[in-house]
Amino acid sequence: MADGDMVWQGRICIIDVSYQAQSEGGTVLVAHARAEAGHSVTMLVHGLRPFVVIAAPDDAQNDRLESWLDDVRIDERVVQIHDPEILWCEEGERPHWRVDVTQPHVVPKLRDHLSERWLVTSADIVFPMRLFLDLDLGPHMEVSGSVIHARSRAPLEIASAFEGVDFLEVANSIREAGGSGLYSTDLVIRCGIEDLKDTEPFRAPFVTASFDLETSVVESTILCAAMVIDRAGVQTEYTFQGNEREILAGMTRLIRDEDPDILTGYNIDNFDLPRIDQRAEDLSGKDRGLLLDMFGWGRDPVVGGSMRALPSRSQSRRWSIGGRAVMDAWWEARTALRPQRESLRFVSELLFPDRPELRKMDIDASRMDEEWAQRPDEVLRYCVMDTVLPIEILEAIHAIRGKEALASVARMPFQRAVGGTTSQWIDSLMIRLADREKVAIPRTRSGPRRDQIVGGHVQDVDSGLHPWIAVLDFKSMYPSIMIEKNICFTTRIDAKDAPSEDVYLSPDGTAYLGRSHRSGLVPRLLQQLMEERDRQKIAMKVARNEDDEVTAFFHDRLQFAVKILMNSFYGVFASSFYRFTHQDIGASITAWARSNIRGVITTLEDENQRVVYGDTDSIFISAPVDSDIPTRIPQVGEKDRESFEIARNTTVEFGQSLAKRFTKAGAELEFEAALAAMFSHGAKKRYFGQVVWPEEDLLIRGYEVRRSDSFVILTNCMTSSFERILAGETTQAVEDIRTLIQRVRNRDVAPKNLVISRSCKGKINRKDGSVDFSVYANPDGLPYVKAAKQRLARGLNFTPGMKVGYLVTDATSSPMSVVDWHEDETGEIQTDFDPEYYAKRIATAMGRITEVFGWNEKELLQGSQQSSLDRWM
DNA sequence: ACGACGCCCTAA
DNA sequence: TCAGTTAGGGCGTCGT
């Protein structure tokens with residue numbers, strides 16, 4: 001089949017991009033994608049060349065410049081130097097030369113060399129991103145190209161033309177088209193950059209593979225494995241047994257045949273992938289072909305000597321598998337749900353409480369070798385279940401669609417949305433804008449961290465139950481300030497150089513040029529994102545009104561991705577290493593923010609209004625409501641109902657009028673909520689309240705209820721106490737607490753409701769897989785480290801960063817004794833705990849709150865009763 | 001008993 | 001998770 005005979009055209013979503021150096025010179029981008037039509041595509045994209053940009057430092061003389069340029073020109077890594085262009089850089093506006101280079105990999109050494117004489121910019125941008133930056137593309141695009149190869153899942157008329165072709169011949173024609181051989185994708189096309197067109201985002205029909213291993217507890221071997229392929233919602237299950245080589249080769253064949261875009265599983269980053277990596281390496285000896293048979297999971301060719309199909313983990317925790325995205329369901333669930341415990345069972349119970357069949361515990365994971373020997377069929381069933389669950393988890397938390405939306409909004413490959421960092425998302429938008437606006441792209445900054453900057457203002461709060469509160473907050477405070485004050489590394493100037501007019505001077509002395517002098521890149525980008533979010537919200541509402549829930553959901557993900565992205569800006573620009581920032585930017589943003597909130601607080605206090613609390617961008621103010629109006633929500637028709645409604649309306653109107661009054665350009669104050677009552681025990685960042693507008697709701701911040709390292713009994717006790725307190729039933733609240741404490745002392749509680757869980761760090765020894773806890777100053781003084789060690793001794797999985805559950809068994813000694821919680825995994829019934837410790841913890845936490853009503857920790861612990869709380873109410 | 005310190009987790 | 005930030009609460013250990 002001659003190259004160019006057949007053309008394929010369609011919409012795709014790019015998963016991952018790499019590049020292939022051409023032996024005759026030049027570089028071809030290799031983009032792996034999923035077509036809207038359902039098949040996978042590899043695109044060999046021609047027409048981009050790696051480059052860096054240079055400019056002369058101030059002291060360079062013009063006559064020396066030519067000879068300097070000649071020196072660059074004769075460097076064998078340099079292909080050509082373009083005509084100079086005036087670009088803005090921190091040293092001022094000046095000519096910059098784009099220097100094309102032979103291959104991306106020469107850039108690091110070349111830039112070091114050039115830096116001796118030149119200001120070197122655009123010199124640390126990963127080459128594959130150039131496709132998106134230079135052509136201003138997002139992951140969803142329309143593409144056309146000549147078909148080089150097609151397999152059976154490609155469109156029928158194309159696939160049939162390639163039936164029975166000789167694979168060696170095909171591999172050759174792919175290499176001639178710029179690729180490296182037979183990719184695992186359904187279709188391989190060749191195109192030029194002019195063949196790629198931006199398109200509206202659409203829901204790409206990704207294919208997902210989820211897998212799970214069962215491994216020996218006594219050695220590092222793999223006993224069996226399972227994999228499920230999800231293609232357009234249709235799931236097919238596979239199991240693998242036999243010797244390890246057969247198991248691994250079987251999984252690899254399935255991945256190459258099914259060609260999934262996404263690989264998932266539970267804790268695969270830290271467990272399954274490293275285990276396969278290690279076993280494949282052990283079993284293959286030095287045979288690279290054998291290694292690829294067992295672990296050649298990438299989309300790259302596995303014949304021809306290249307090892308690029310092999311998954312790899314650079315310095316980071318994250319795995320990269322060429323052409324695919326690795327999404328660990330553990331990590332996604334952890335960040336989305338912040339669950340109290342992180343085991344697959346626990347997360348499944350959290351998400352699917354009505355489906356106990358998903359987590360029936362009939363296998364003891366700590367005795368896997370015996371289980372496998374005695375009941376292999378059940379172990380396999382268990383294994384399959386653990387491959388289905390990760391897919392259901394990703395679905396339930398909308399992880400895949402959320403990342404696709406983020407990729408679309410940040411305009412980068414799907415894989416980069418999944419595995420990238422906040423600064424990479426912002427880079428993707430900033431670099432293309434800077435290029436367009438003739439601003440040089442500085443390198444990522446290195447060197448020592450500067451001193452910490454001052455953050456937001458947190459107002460002191462008095463303890464007590466504060467009736468009738470209006471909550472106001474500044475809308476998108478940091479982004480708004482950045483827009484309003486034209487904050488950008490291109491507009492910041494030293495105050496002494498500031499022009500006399502149209503300058504913004506922050507309270508901490510940082511100056512920014514106004515728009516008449518120069519319009520900042522960052523404010524423009526934020527403005528565009530704000531407008532984009534509004535558009536998506538409107539599209540969402542339109543779809544919802546038409547009862548098109550699928551489309552509404554699609555726009556909801558997009559608007560949410562914009563929100564996430566916008567909220568990331570401040571942190572990235574306040575960091576010390578980000579390429580497009582300056583030392584002073586972060587501190588100036590927070591200085592303006594403090595000035596805004598303090599301004600409102602001071603004004604109100606000068607008018608004798610009571611500001612109860614405020615944190616960074618929020619203000620809690622007492623509304624002018626008679627103090628004898630009850631804050632408890634009365635039933636409709638109850639005698640107090642009328643005065644309650646009046647108080648609520650008064651609070652709402654009060655809040656709305658304040659919002660209107662204090663809103664100014666770049667600082668829009670919004671009325672957020674009306675509270676019938678707000679409680680504080682006097683500590684910042686901890687409060688709860690009864691929301692009565694816009695909806696009735698219990699608001700809790702900071703308290704143990706919100707913390708993943710609390711225990712169920714305390715959390716439940718606290719929640720019900722809050723409800724009682726807000727209902728005016730403080731006597732009953734105290735009685736309940738005291739009763740509970742007595743029950744705990746009598747061991748009349750379920751131990752699983754006493755499990756405390758905290759995340760535990762550690763470093764894995766690459767050689768023997770052991771875990772080293774020396775990151776801690778005193779590891780044996782920390783209960784969760786002791787628990788992690790116990791898990792490991794038991795043969796249970798522990799990976800650094802994981803949360804570890806434990807029961808305190810004796811707190812009279814120091815350090816206290818604990819036992820790791822393993823009932824979920826081993827089935828062993830655990831009953832040992834220290835009742836006094838738990839009684840004390842409950843009393844301490846609840847005492848802080850009841851103390852406000854005259855009951856301190858000690859009194860909660862004591863048996864005697866004397867209730868006269870109501871005097872307080 | 002008390003304060004310094006290490007550590008985790010949360011609010012924003 | 002070679003790269004978002006600071007403010008703040010609270011628990012536990014250790015040394016005095």
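Letters A, B, ... mirror the listed sequences (proteins, then strands); counts begin at 1.
Across all strands, A:Gly571 comes closer than 4.0 Å to base atoms (heavy-atom distances). At the heavy-atom level, A:Arg707 lies under 4.0 Å from base atoms of the strands shown. Using a 4.0 Å heavy-atom cutoff across all strands shown, A:Ser759 reaches sugar-phosphate atoms only and no base atom. Among the protein residues, A:Ile426 comes within range of no part of the nucleic acid, since none of its heavy atoms lies under 4.0 Å from any strand. Heavy atoms of A:Ser568 sit nowhere under 4.0 angstrom from any nucleic acid atom. Note on A:Gly586: nothing from the nucleic acid sits closer than 4.0 angstrom, heavy atoms only. Contact annotation for A:Asp269: base contact, defined as any heavy-atom pair under 4.0 Å involving a base atom. A:Tyr776 comes within contact range of the sugar-phosphate backbone alone, with a heavy-atom separation under 4.0 Å but no base atom that close. Among the atoms of the strands shown, none is found under 4.0 Å from any heavy atom of A:Arg579. Nucleic acid contact class of A:Lys684 (heavy atoms, under 4.0 Å, all strands): sugar-phosphate only.
Comment: A:Glu90 engages A:Arg445 in a salt bridge, judged by a side-chain N to carboxylate O separation of less than 4.0 angstrom. Under a 4.0 Å N-O distance rule, the pair A:Arg579/A:Asp427 qualifies as a salt bridge. Salt bridge status for A:Arg686 with A:Glu704: present, with a side-chain N to carboxylate O gap under 4.0 Å. Between A:Asp780 and A:Lys789 there is a salt bridge, with a side-chain nitrogen of the basic residue lying less than 4.0 Å from a carboxylate oxygen of the acidic one.
Between A:Arg594 atom CZ and C:dA7 atom P there is a gap of 8 Å when expressed in whole angstrom units. If you measure from atom CG of A:Asn778 to atom C1' of C:dC14, you get 8 Å, rounded to the nearest angstrom. A:Met802 places its CE atom 13 Å from the P atom of B:dC9, with the value rounded to the nearest Å. Between A:Tyr703 atom OH and B:dA11 atom C1' there is a gap of 14 Å when expressed in whole angstrom units. When rounded to the nearest whole Å, the span between NZ of A:Lys685 and P of C:dT6 equals 13 Å. Going from atom OH of A:Tyr687 over to atom C1' of C:dG9 covers 14 Å, rounded to whole Å. Spacing between atom CD1 of A:Ile842 and atom P of C:dC11 amounts to 13 Å, rounded to whole angstrom units. At whole-Å resolution of the value, CG in A:Asp451 and P in C:dT6 are 10 Å apart.
The aromatic ring centres of A:Tyr578 and A:Phe573 sit less than 6.0 Å apart.
Residue A:Tyr837 has a polar side-chain atom (N or O) positioned under 4.0 Å from OP1 or OP2 of C:dG12. At the phosphate of C:dG12, neither OP1 nor OP2 sits under 4.0 Å from any side-chain N or O atom of A:Arg758. Put simply, A:Tyr784 has no side-chain N or O that comes within less than 4.0 Å of OP1 or OP2 on C:dT13. In this model, the phosphate group of B:dC8 is not approached by any side-chain N or O of A:Lys803 to a distance below 4.0 Å at OP1 or OP2. Contact annotation: A:Thr590 side-chain N/O to C:dT5 OP1/OP2 distance is not under 4.0 Å. Put simply, A:Ser708 has a side-chain N or O that comes within less than 4.0 Å of OP1 or OP2 on B:dT10. OP1 or OP2 of C:dG10 sits under 4.0 Å from a side-chain N or O of A:His681. The phosphate of C:dC2 (OP1 or OP2) has no side-chain N or O of A:Gln424 nearer than 4.0 angstrom. A:Arg701 has a side-chain polar atom (N or O) that falls below the 4.0 Å cut-off from OP1 or OP2 of B:dA12. When the side-chain nitrogen and oxygen atoms of A:Arg841 are compared with OP1 and OP2 of C:dG10, none of them lie within a distance under 4.0 Å. Side-chain N/O atoms of A:Arg686 include one lying less than 4.0 angstrom from OP1 or OP2 on C:dG10. Using a 4.0 Å cut-off, some side-chain N or O of A:Thr421 falls inside it from OP1 or OP2 of C:dG4.
The nearest heavy atom of DNA chain C to A:Ser575 and to A:Gly456 marks one nucleotide each, and the one closer to the 5' end goes with A:Ser575. When each of A:Asp709 and A:Tyr613 is assigned the nucleotide of DNA chain B with its nearest heavy atom, A:Asp709 is the one assigned upstream, toward the 5' end.
Here C:dG4 is the nucleotide among C:dG4, B:dA11, C:dA7 with the atom lying nearest to any side-chain atom of A:Tyr570. Checked against B:dA12, C:dC11, C:dA7, the side chain of A:Val458 finds its nearest nucleotide in C:dA7. The side chain of A:Val572 has C:dG4 as its nearest neighbour among C:dG9, C:dG4, C:dT13. Here the side chain of A:Ala777 is nearest to one of B:dA11, C:dC11, B:dG6, namely B:dG6.
A heavy atom lying under 4.0 Å from DNA chain B marks none of the residues of residues 474-482 of chain A.
Of the candidates A:Arg758, A:Arg338, A:Lys803, A:Asp709 forms a salt bridge (charged side-chain N to carboxylate O under 4.0 Å, His left out) with just one, namely A:Arg758.
In this structure, A:Lys786 has no salt bridge (Lys or Arg N to Asp or Glu O under 4.0 Å) partners at least two apart in sequence or on a different chain.
With both ends at atom P, the span from B:dC8 to C:dT1 equals 11 Å, rounded to whole Å.
For the residue pair A:Ser115 and A:Arg111, no side-chain donor N or O sits within less than 3.5 Å of a side-chain acceptor on the partner. Side-chain atoms of A:Asn567 and A:Tyr478 include no donor-acceptor pair closer than 3.5 Å.
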Review point. Can you list the steps and then say if A:Lys485 with A:Ser506 is a side chain to side chain contact (heavy atoms under 4.5 Å, CB included)?
Key: CA-CA 9 Å; A:Lys485 309 295 182 188; A:Ser506 83; over 6 Å; no

